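Everything on this sheet refers to the single structure shown next.
Remember, it's a predicted structure, so these values are computed and weren't measured experimentally. Sequence lines set the chain letters: A, B, ... in the order given, protein chains first and strands last, and positions in each chain run from 1.
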Amino acid sequence: MGYYLHTNMKNLQSLALLLALPLVFIFGLYGVNFPPEGNYISKKIKTFNIRAYKDGVYINPQNTSLFYNFTPSKTDYPILKKMVVGKLMSYVYLIMSYFNTLNPIATFDTDDGKIQLVSSVKDDILTIKLINNKSAVPLELTLAYNDDDALSEIKNGDELLITNPSFAGAIGIINVKKNISVDKEQRLITAESNSQETGIIEIKLYQSQKDVLK
Amino acid sequence: MIYIFGVLSALSFYLIPFIVGFPLVCFVKKLNKHKTKHNLSSRDDDITAHLIIVFFESFVLGSLLIYAIYYFLYLIGIKPPMGTNIIQLISGIFAMYVLKIIHSKHKPSLNFSIISISLVLFAMSVLSYFTWRHDSPINTTLDWDLYTHQTAVNIISSGTFSFFTSALSDTFRFNAYPTFFHVLIAIPQQIFKPDVLHFWWFVQFFHLITVAFASYLLGYILSKNRFFGFISAVFGVFTFESFAAYTAFFLIPQNLAATLVAVFLARVIYKHSLQEKQVEPITLLFALYILLNHTIIGSFGLAVLAFSIVFLNRATKHKTQTLLLVTAFIMVVLVPVIASKLDLGFINRGEAQHFNFSLNQKIALARDFYGYFFFILFPLGLFYLIQKRNSVCTLFSILSLGILAVVLSPLPYSMKFYSVGRFVVHAVMASGVWLFVRKTNDKVKTLATILLILSLCVVLIFNLYSWKQTPTYGEISTHVSKEEINAAKFLKQNYAGQNILLVSEPATMFILEGLSEINSQGGAYTDLKTRQILSDLYLTRSKENLLKLFEIKDLVTITNPNKLLFVIGGRFKQWEELENDKKFGIYWNIWTPSDLSVEDEEFIEFVRNSGIAKEVYKNPGLIIFELSR
């Protein structure tokens, strides 16, 4: 009797240890260091980093301190600017970012539900969309550019080119004629977004300013 | 097909010494045969462990013999390519002998065990290396140090030689290691003449495989179980110490020495288990090899090995072992505390102070390397080993605690000792996993190993994601851009072998000197005077300061060049805009490749219009001027 009890106890002990192993793996993974804010939601396109951050999504030409920030905004609209990412999804996002297969996305909690900034890339054109299905209140998708940026209209005014002396490339707003307004004083480019129409800004990414002429 | 010479030369870094050393090992073993008390166990896995040890013994002996021959030939006036041809000839003769041994009746049995174990370790290494290099193609680099080593290799290949690296190039500020490593790299490069970036890409993959085998071997020797060995290897290949050590992915002298220390330790324990002598001629040659690779890491490794030999042979009483174990536990707490109380300002200064971390920072680094795996599996592994109550398990417990005591101490470069420590720590962490799976069948153990691989792969990805934010150029991760590679090719074709000095900001000099074979003043380790001249020139933009570039003198090459190659790349402005302690110190570099921008044009125009500069090359990344007095 004692022998069987002893054997069963041993087996139970082994089983308990085995069942505990996946928990050890999960706990081990839980301890990884995440990059701050949304910096793990990113994509590299040519010489540009596209990243989510606490207020939206930004484009950063590599090796510069320049940022082109896309944010959802409306002065009288109470957006709770809290970016929300589930714990499990944050692991998935970082792994996808590492392999450069993620299109950065920023999700925000608002009083009316969630709104999202979604990016996509096709043929060197980056599209940022503001998805605002829940609210009847119109929202704006805003792109803030830098103080020392130069703006010029090219291709018969079909494209708004933004250049800066500190980087070799340029970015071009190619849907400038579609529901987009430019405020040169505030240095803001804004796309209207409402329940009928999604706010969209389409950007061509130029690695060098010579590419603009092609 | 264009990679074939890269593969062959990288493989030859290991195979040529093996071919030369294998007959010697067979000869020594034949001599010692009558002294051996016990025959080799007939278990396949034991034979596999034995073969792994023989491979490394042959590699060590062959490397030493090749270096001795190369040195001797140089002393009697035979320089490359003749010196290399003679070594090639010797390797060819020895290769025939190796084939003869393999086909003789005493051939080492290629059993299923060695094939299956090798395949598993190879597959693990491929997965790890793919994760590491998926966005770093074959003509890119993620190991900054390789440019220093390639500079020395180039100088040796051109026929200059010295035992001391600092006598070869001012890229080496002090002699942490002799030219041993560089000669052994130079020989396969001279034979196959590969693209050097291809060579390094492949040789670092082969280095990872040796790390996998060394980790497996240590785990196996500890447990006499292949699954345990695999778990140890999983930690070995999927852990990246993203600061100071970089053991698994960087083939540099300290890491080669550390890998051989792990094999040496396994060999000591293996010999002890067979009741054979642990100190013999091959042991001494192992020690010499480790020291020749890296004096500091080698000395630390030898201290670990000397302790192990004494422990296994002298500390046989249970009481003594317990006392040493308790002492090791106390050391983990006391050594860092005592070290933090001491006034170590005389060593914690200059570059060293930037490599000294607090305990909290080291804990954060441990989370980068392991997530929480270290914090849970290391104590569990210790618990498992201590309750086993045998000499080898107790030795691993004491070693891992002792090494951690050193690594956790607030001493400069103490993290570098982890390149040795990690092998022992990983064997202890493998014990932690073993505690859970030891009584299960092989299927469950396999499943657990696969889950561990996946988990550690995720940790590795997190670690690499942060680490790779710096070496980035466009969509690829690298320290060198294609524009810099093209410029290096131009320089090599047009200026190699000429009495000319290359001048630029430190990182550009470092990379271009390694790839183009054109001498620079110190590369990334350029001295304060050069930094000051470059800084003054950028700020003042005067012709007088441009001429001061001719005052830059190489600290090793005494020739006085009439022409300078002045390179302005995208990194130049970024370096000039650094804070002074970064700009004038050697601990900081512009590691990220960068193309020229509009802001660089003004400085380029100044040089172009100075009257002493002739533009000889330009691409989007950089521009090269030939300056004449």
Side-chain angles (χ1 to χ4, degrees), chain A residues 10-11 13-36 39-40 42-49 51 61-66 90-101 148 150 163-170 207-211, chain B residues 131 134-135 364-377 380 432-433 435-440 444 447-448 451-452 454-466 468-469 472-477 570-571 573-574 590 592-602 620-621:
Chain A
K10 281 255 173 191
N11 287 340
Q13 198 183 2
S14 302
L15 188 66
L17 277 172
L18 189 63
L19 291 175
L21 190 59
L23 297 178
V24 170
F25 289 165
I26 291 166
F27 183 69
L29 282 173
Y30 184 78
V32 290
N33 284 327
F34 269 90
N39 273 351
Y40 54 88
S42 73
K43 190 179 190 76
K44 294 177 193 171
I45 308 166
K46 291 187 169 180
T47 50
F48 298 88
N49 297 323
R51 284 220 165 104
Q62 288 173 2
N63 296 317
T64 71
S65 51
L66 299 175
S90 59
Y91 280 79
V92 174
Y93 282 158
L94 189 140
I95 293 168
M96 289 177 74
S97 294
Y98 180 71
F99 290 104
N100 213 26
T101 53
D148 51 350
T163 54
N164 188 290
S166 66
F167 87 104
Q207 194 161 340
S208 84
Q209 289 178 23
K210 280 182 187 167
D211 295 342
Chain B
T131 307
H134 80 96
D135 59 348
L365 281 174
R367 284 183 61 191
D368 281 342
F369 304 169
Y370 298 109
Y372 281 148
F373 280 103
F374 174 82
F375 302 99
I376 189 163
L377 291 176
L380 286 173
V433 178
L435 185 68
F436 292 92
V437 297
R438 68 192 193 281
K439 288 180 180 166
T440 59
V444 175
L447 183 66
L451 282 177
L452 183 68
L454 294 175
S455 305
L456 287 178
C457 203
V458 171
V459 176
L460 179 65
I461 287 170
F462 271 69
N463 191 4
L464 293 177
Y465 179 81
S466 297
K468 284 186 179 179
Q469 296 304 314
T472 292
Y473 180 73
E475 292 170 24
I476 59 174
S477 295
R571 302 179 200 242
K573 179 176 157 289
Q574 291 177 39
I590 305 295
T592 310
S594 181
D595 285 346
L596 292 166
S597 70
V598 177
E599 287 181 337
D600 298 307
E601 279 304 318
E602 195 185 324

From CA spacing to verdict: side chain to side chain contact (heavy atoms under 4.5 Å, CB included), B/Thr592, A/Gln62: CA-CA 9 Å; B/Thr592 310; A/Gln62 288 173 2; over 6 Å; no
Derivation and outcome, side chain to side chain contact (heavy atoms under 4.5 Å, CB included), residues A/Val32 and B/Val458: CA-CA 9 Å; A/Val32 290; B/Val458 171; 5.6 Å; no
CA sep, side-chain torsions, deciding dist, call: A/Lys44, B/Ser477, side chain to side chain contact (heavy atoms under 4.5 Å, CB included): CA-CA 10 Å; A/Lys44 294 177 193 171; B/Ser477 295; 3.6 Å; yes
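The nearest pair of heavy atoms linking B/Glu475 to A/Lys46 is OE2-N, 2.7 Å. Scanning both residues, A/Asn63 and B/Pro593, for their nearest heavy atoms gives ND2-O, 2.7 Å. Here the closest heavy-atom approach between residue B/Phe436 and residue A/Ala20 is recorded as CE2-CB, 3.9 Å.
When the candidates B/Thr472, B/Ile590, B/Val437 are compared by the number of heavy-atom contacts under 4.5 Å with chain A, B/Thr472 comes out ahead. The most heavy-atom pairs under 4.5 Å with chain A, out of B/Gly432, B/Ala448, B/Gly474, B/Gly371, come from B/Gly474. When the candidates A/Phe99, A/Phe48, A/Tyr30, A/Phe34 are compared by the number of heavy-atom contacts under 4.5 Å with chain B, A/Phe99 comes out ahead. The candidate from A/Tyr98, A/Phe25, A/Tyr91, A/Phe27 with the greatest count of non-hydrogen atom pairs under 4.5 Å with chain B is A/Tyr98. Highest contact tally toward chain A, considering only B/Phe462, B/Tyr370, B/Phe369, is held by B/Phe462 [criterion: heavy-atom pairs under 4.5 Å].
In this structure, the separation between CD on B/Gln469 and CG on A/Asn49 is 7.0 Å, given to the nearest 0.5 Å. Interatomic distance, B/Tyr465 OH to A/Tyr40 OH, rounded to the nearest 0.5 Å: 10.0 Å. Interatomic distance, CG of B/Leu464 versus CG of A/Leu94, reported as 10.5 Å (0.5 Å rounding).
Residue contact with chain A, scored on non-hydrogen atoms closer than 4.5 Å, is absent for B/Arg571. Contact annotation for B/Glu601: neither backbone nor side-chain heavy atoms come within less than 4.5 Å of a heavy atom of chain A. Looking at A/Ser208, there are no atoms closer than 4.5 Å to chain B (heavy atoms on both sides), in backbone or side chain. Looking at B/Leu596, the atoms closer than 4.5 Å to chain A (heavy atoms on both sides) all sit in the backbone: N, CA, C or O. If you measure heavy-atom distances from B/Phe375 to chain A, you find no contacts under 4.5 Å at all. Neither the backbone nor the side chain of B/Leu456 has a heavy atom closer than 4.5 Å to any heavy atom of chain A. For chain B, no part of A/Thr163 is nearby; none of its heavy atoms comes within less than 4.5 Å. In this structure, chain B has heavy atoms under 4.5 Å from both the backbone and the side chain of A/Ile45. For chain A, the nearby part of B/Asp135 is the side chain; its heavy atoms alone come within less than 4.5 Å. Of the two parts of B/Ser455, the backbone and the side chain both hold a non-hydrogen atom closer than 4.5 Å to a non-hydrogen atom of chain A.
For the 3.5 Å distance criterion, the side chains of A/Thr47 and B/Tyr473 fail to qualify, holding no donor opposite an acceptor.
Using a distance-only test at 3.5 Å, with no hydrogens or angles considered, no donor-acceptor pair links the side chain of B/Arg367 to the main chain of A/Asn33. In this structure, the side chain of B/Glu599 does not engage the main chain of A/Phe167 through any donor-acceptor pair within 3.5 Å. The backbone N or O of A/Ala168 lies less than 3.5 Å from no partner atom in the side chain of B/Asp595, so there is not a single donor-acceptor pair.
B/Glu602 CD: 12 or fewer foreign heavy atoms inside a 6.0 Å radius.
For B/Gln574, the side-chain hydrogen bond (donor to acceptor under 3.5 Å, both in side chains) criterion is met by B/Ser594, not counting sequence neighbours.
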